[in-house]
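Report on the following structure.
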Amino acid sequence: MKIPNRLLNDGHLIPKIGFGTYQIRGGQGIDQILSAIQDGYRLLDTSTNYDSEGIVGEAIRRSGIPRSEFFVTSKLPGKYHHYEDALMMIQESLCRMGLDYFDLYLIHWPLPKRKLYTEAWRALVTAQKMGLCRSIGVSNFEPEHLDKIIADTGVTPAVNQIEVHPYWVQDKMLSENTKRKIVTEAWSPLGRGNRTLQEKIIKDLAEKYQKNVGQIVLRWHVQRGIIPIPKSSNLLHQRENADIFDFELTSEEITAINSLSRTDGRIDNQDPNEYEEFD
């Protein structure tokens, strides 16, 4: 299955859907990632905090597919926000993965109470100049965090990966990213265990389009200009999640799914202005 690409603000291409590796580990994890690769996924999303960097690199090597065909993303943990620490961690992560460069490297959380995210961003800018990262971006950044790092360095992130699903629609944040020409990625795009996939509107649309409920939600993301990063250890679900480019929801159907948003819709109540990263 061929997944289409889109253009980032730095001129690089990124696939329109990725494969997440949160809680995918060990030898079984390698097999699950290899299965995703065989189904056409090329955007592989990991993080130092996921403890899956090594198996992602190993799966790439075992796949027999040239490194240049992959789009590999990892993320900087909060405890390495100091400039030198960040540069060393990026190099350490590349060594763990057995790679020469990242296609995209993100600051995992801003952790504004620590007041170091601009220092971390300067390190990513340096890493990009060194050739360690082709594209650089952030995750879970709010507008004020984005403006601060852009003002500090003159460099705009290519991507902001944030929590988005039908219970947490993020229209405002999507607009803020778009205004700055930043591509939005969605973590936990299917809601990670909440009741999103049991909603009547989504079930009705699945029946209408002869798709499953997960495919409806992932298509909703793509049509809103978001790159979803679903994670699944189920091989059938992996394949189905990528098979979303042969139908289109109407604008009214997009609006209907948007109406599911809740003020308390976050999965784990992780407010980027308050959240202290697990490290």
Side-chain angles (χ1 to χ4, degrees), residues 1-22 24 33 36-37 39-47 50 52 56 69-75 102-109 124 133-141 146 156-192 196 211 214-232 237-249 254 257-258 267 272:
M1 190 182 305
K2 181 71 172 175
I3 293 173
N5 294 319
R6 64 178 294 183
L7 194 65
L8 295 174
N9 63 20
D10 59 9
H12 292 297
L13 292 172
I14 183 171
K16 287 189 174 183
I17 187 170
F19 182 73
T21 62
Y22 177 62
I24 290 181
I33 296 166
I37 292 170
D39 288 332
Y41 290 93
R42 294 296 178 266
L43 194 176
L44 304 177
D45 182 276
T46 183
S47 165
Y50 296 171
S52 61
V56 171
E69 294 191 20
F70 289 95
F71 192 97
V72 182
T73 302
S74 195
K75 309 179 190 78
F102 287 114
D103 297 276
L104 176 64
Y105 195 80
L106 310 176
I107 299 174
H108 205 156
W109 287 88
L124 266 64
C133 317
R134 293 195 169 176
S135 297
I136 53 174
V138 295
S139 185
N140 304 299
F141 272 48
L146 295 171
T156 299
V159 166
N160 187 11
Q161 185 180 123
I162 59 176
E163 178 181 355
V164 191
H165 46 79
Y167 286 169
W168 193 246
V169 170
Q170 291 268 49
D171 258 345
K172 180 184 175 186
M173 198 62 234
L174 178 59
S175 175
E176 294 286 350
N177 286 338
T178 301
K179 184 167 70 175
R180 294 165 179 80
K181 297 182 170 57
I182 298 169
V183 167
T184 301
E185 286 184 334
W187 57 262
S188 292
L190 298 176
R192 198 198 301 169
T196 290
K211 292 288 185 177
Q215 289 170 317
I216 296 298
V217 173
L218 294 171
R219 182 68 202 179
W220 167 78
H221 281 283
V222 169
Q223 286 187 227
R224 296 176 72 217
I226 298 168
I227 297 174
I229 312 289
K231 182 224 75 168
S232 179
H237 290 169
Q238 290 176 3
R239 187 173 305 119
E240 291 172 339
N241 286 347
D243 186 19
I244 58 170
F245 297 100
D246 60 351
F247 75 105
E248 190 166 323
L249 301 171
I254 299 286
I257 296 174
N258 287 351
I267 292 169

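Predicted model, so just to flag it, every value in this text is computed and none were measured.
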[X] to [Y] - nearest heavy-atom pair and separation:
| X | Y | answer |
| --- | --- | --- |
| I216 | F247 | CD1-CE1, 3.9 Å |
| P15 | I3 | CB-CG2, 4.2 Å |
| S232 | I24 | O-CD1, 4.2 Å |
| G137 | L124 | O-CD2, 3.7 Å |

May I ask you to test the [X]-[Y] pair for a side-chain heavy-atom distance under 4.5 Å?
| X | Y | result |
| --- | --- | --- |
| Y41 | I33 | no |
| V217 | H165 | no |
| H221 | V164 | yes |
| E185 | I14 | yes |
| K75 | Y50 | yes |
| S135 | V159 | no |
| M1 | D39 | no |
| L190 | T196 | no |

Qualifying residue for side chain to side chain contact (heavy atoms under 4.5 Å, CB included) with F19, from T46, L44, I37: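 Going through T46, L44, I37 one by one, the side chain to side chain contact (heavy atoms under 4.5 Å, CB included) with F19 is satisfied by L44 alone.
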With F141, the side chain to side chain contact (heavy atoms under 4.5 Å, CB included) member among I182, L106, I162, L146: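 The option that passes is L146.
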Check: Q170 side chain, E163 main-chain N or O, donor-acceptor pair, under 3.5 Å: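 Checked: pair present.
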Intermediate values then yes/no, side chain to side chain contact (heavy atoms under 4.5 Å, CB included), V183 and N9: CA-CA 8 Å; V183 167; N9 63 20; over 6 Å; no
Listed partners of K172 passing salt bridge (charged side-chain N to carboxylate O under 4.0 Å, His left out), at least two apart: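 K172 satisfies salt bridge (charged side-chain N to carboxylate O under 4.0 Å, His left out) with no residue once adjacent residues are dropped.
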Exercise: do Q161 and D45 side chains pair donor with acceptor under 3.5 Å: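 Yes, a side-chain donor-acceptor pair sits under 3.5 Å.
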Show me, pair by pair, the donor-acceptor contacts under 3.5 angstrom made by side chains of residues 224-231, not counting sequence neighbours?
from : atom 1 : to   : atom 2 : distance (Å)
R224 : NH1    : V169 : O      : 3.1
R224 : NH2    : V169 : O      : 2.9
R224 : NH2    : D171 : OD1    : 2.8

Parallel, tilted or perpendicular: rings of F102 and Y105 (30°, 60°):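 Rings of Y105 and F102: tilted, 30 to 60°.
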Check against side chain to side chain contact (heavy atoms under 4.5 Å, CB included), T184 and N160: CA-CA 5 Å; T184 301; N160 187 11; 5.6 Å; no
